[in-house]
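Along the sequence shown, the residues carry numbers beginning at 1. What's counted below: heavy atoms across the whole structure, side chains too, no hydrogens, waters or symmetry copies. Atoms within each ligand, like the ligands themselves, are counted from 1 in listed order.
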Amino acid sequence: MNDIVKIVIQRKSIRTYTDEPLSNEVRSQIEEYFTKLDNPWGVKINYTLIDTKGENTNGKLGTYGVIRNASSFIAATLFDEEFALEALGFELEVLILYLTSLGIGTCWLGGTFNRGEFAKEAKLTEGQIIPIITPIGYPAKKTSLTDKLMRKMSKGDSRKEWNELFFLQDFSNILTKKEAGIYREALEMVRLAPSASNKQPWRIIKETNIYHFFEYSTPGYSKAFNYDIQRIDMGIAAAHFQLTIKEKKIKGEFAVLEQQISAPENTYYRFSWIGERSEELVMGELKEIYLAGGCFWGTQKYLSLINGVISSEVGYANGNTSNPSYQDVCYRNTGHTETVKLVYDSNIIPLASVLKLFYDVINPVSVNKQGNDVGSQYRSGIYYVDEKDKDVILESIAELQEQYTEKIAIEVLALENYTKAEEAHQDYLNKNPGGYCHIGPDSFEKVRKMN
Ligand SMILES: Cc1cc2nc3c(=O)[nH]c(=O)nc-3n(C[C@H](O)[C@H](O)[C@H](O)COP(=O)(O)O)c2cc1C
């Protein structure tokens, strides 16, 4: 299965099907896929492909009118052992996403089906449970009225916001998309996952490279079942996380940890993802660019707030002396320019978009001057370390030029030399909130809000 983001976005609960049955070839393909499924908890789940035209059913397997026309169903049966429900959620969602990639519709059913009838069809044995079935078939163009009602009742098209679901270190700090770094997309895919009555019980805390998964158990919700149906949702969340992470070639695994993070009421720790942090991997994902836009205090603050920027640092670039100090750069004509070194995730924000945001806060036609600061150390520039970036930069400068009659004064050069500035200048405006800045607070707020 490739392109997990596309498939996750494409999947929706399908409750109205066409009359077209699945071909024998497709059925075999699905049964073959059953044998490949596994889950992080090593729990065994059994799958049965049920034909509604089977001997006992007379085409009448009951879903209380919720599902129209499906000619086949998949039933999952299992023993209710530890993590069995998470395992079911995990495996069946992998299967469902695979079916979505084949153009086959599905719908998780945990409540609206006749459990007795399906149990018989799936040959349920002593001690086993049948928590979920899903119809499978080709989605009809026109949906039934019940289908529309079900979507409306469960608000199937809406999802909770990022800041209600993801946290940093503990439940009191919201995790920004930027702080999630290379894990951002995996979390976004969790956010979009399906869940029983669309309750989205997952809450995740990031602690360095570990992601702790908690379940907010809706009071009274699972009473109708003999098990906690929201544990299935947790398994679905784990599947979305894992599939996205795997596609990004990030290594790691799920484990159940002893951890001390205190959780709000009705919120329970379930499991964690422990990511292996290989620098090689990080460098493969991350890119560097050096931007000079006047006094580096404000430029750093602004650029560091861009979503997708992983780290920033201030320094002196492309001058004529080695190891310059701030004094050298300001008073000794060294040719260095005050520069911000940015590391950004090009999957989250491409270079062209970083540059567009950069242009918003400088005067691109001003020569050796930004705001009140005058001198060659305040010239604006874009310095690349990857030759492949040059064309992107030149194209973006050409686009910018179209908006001005004067010549764009931003120099575009390969980075020749760079010296990190003294510690006092790093994150200066965070350390000195009242400090001078040629970029207004509105610009900080605007870029912060884009996260
Ligand atoms: C564990 C589970 C049980 C569900 N049970 C039912 C059900 O019994 N009947 C139904 O119509 N939908 C059921 N759903 C579908 C959800 O209502 C649906 O996934 C949610 O509203 C989000 O909509 P979407 O799947 O179209 O994105 C269930 C989903 C999950 C994950």
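For atom 16 (C) of ligand 1, the candidate residues are A193, C107, S195, G89; the nearest heavy-atom contact is made by S195. Looking at G111, G110, P194 and measuring to atom 3 (C) of ligand 1, the nearest heavy atom belongs to G110. When the options Y64, F113, W108 are ranked by their closest heavy atom to atom 6 (C) of ligand 1, first place goes to W108.
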Throw together a table of side-chain donor-acceptor distances under 3.5 angstrom for residues 132-141, partners on residues two or more places apart or in other chains.
from: T134; atom 1: OG1; to: C107; atom 2: N; distance (Å): 2.9
from: T134; atom 1: OG1; to: C107; atom 2: O; distance (Å): 3.2

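Listed by number with element, the atoms of ligand 1 under 4.0 angstrom from any heavy atom of V66 are 11 (O). The ligand atoms of ligand 1 that sit less than 4.0 angstrom from a heavy atom of K12 are 26 (O). Those atoms of ligand 1 that come under 4.0 Å of a heavy atom in L109, given as number and element, are 5 (N), 6 (C), 7 (C), 8 (O), 9 (N), 10 (C), 11 (O). With ligand atoms numbered from 1 in the order given, ligand 1 contributes 1 (C), 31 (C) to contacts under 4.0 Å with heavy atoms of D233. Near I236, meaning under 4.0 Å from any of its heavy atoms, are these atoms of ligand 1: 31 (C).
Aromatic ring centres of Y47 and F34: separated by under 6.0 Å.
The shortest contact between atom 7 (C) of ligand 1 and any protein heavy atom is with T112 OG1, 3.4 Å. Given atom 21 (O) of ligand 1, the protein heavy atom at minimum distance is S154 OG, 3.1 Å. Distance from atom 18 (C) of ligand 1 to its nearest protein heavy atom, with residue and atom name: S13 OG, 3.6 Å. The protein atom (non-hydrogen) at minimum distance from atom 23 (O) of ligand 1 is G156 O, 3.3 Å.
Ion pairing of R191 with E188 is present here, as a side-chain N (NZ or NE/NH1/NH2) and a carboxylate O approach within less than 4.0 Å.
Residue pairs satisfying the side chain to side chain donor-acceptor pair (under 3.5 Å) criterion with at least one member in residues 92-103, sequence neighbours excluded, are listed as follows: Q29-Y98, E93-W108, E93-H240.
Counted by atom type alone, Y418 and E313 present one or more donor-acceptor pairs between their side chains at under 3.5 Å. Residues S396 and Y359 bring a donor and an acceptor atom of their side chains to less than 3.5 Å of each other.
Only the side chain of R159 comes within contact range of ligand 1, with a heavy atom under 4.0 Å; no backbone atom does. Both the backbone and the side chain of A196 come within 4.0 Å of ligand 1, counting heavy atoms alone.
Within a 6.0 Å sphere centred on CD of E395, other residues, nucleotides and ligands contribute 12 heavy atoms or fewer. Few gaps surround NZ on K431; more than 12 heavy atoms of other groups in view lie less than 6.0 Å from it.
For R115 (side chain) and G110 (main-chain N/O), a donor-acceptor pair under 3.5 Å exists by modelled atom type.
Under the 4.0 angstrom criterion for non-hydrogen atoms, R11 is in contact with ligand 1.
For the pair R231 and Y268, the cation-pi test (distance below 6.0 Å, angle within 45°) is failed.
Where the criterion is an N or O separation shorter than 3.5 Å, residue side chain and backbone included, R15 meets it with respect to ligand 1.
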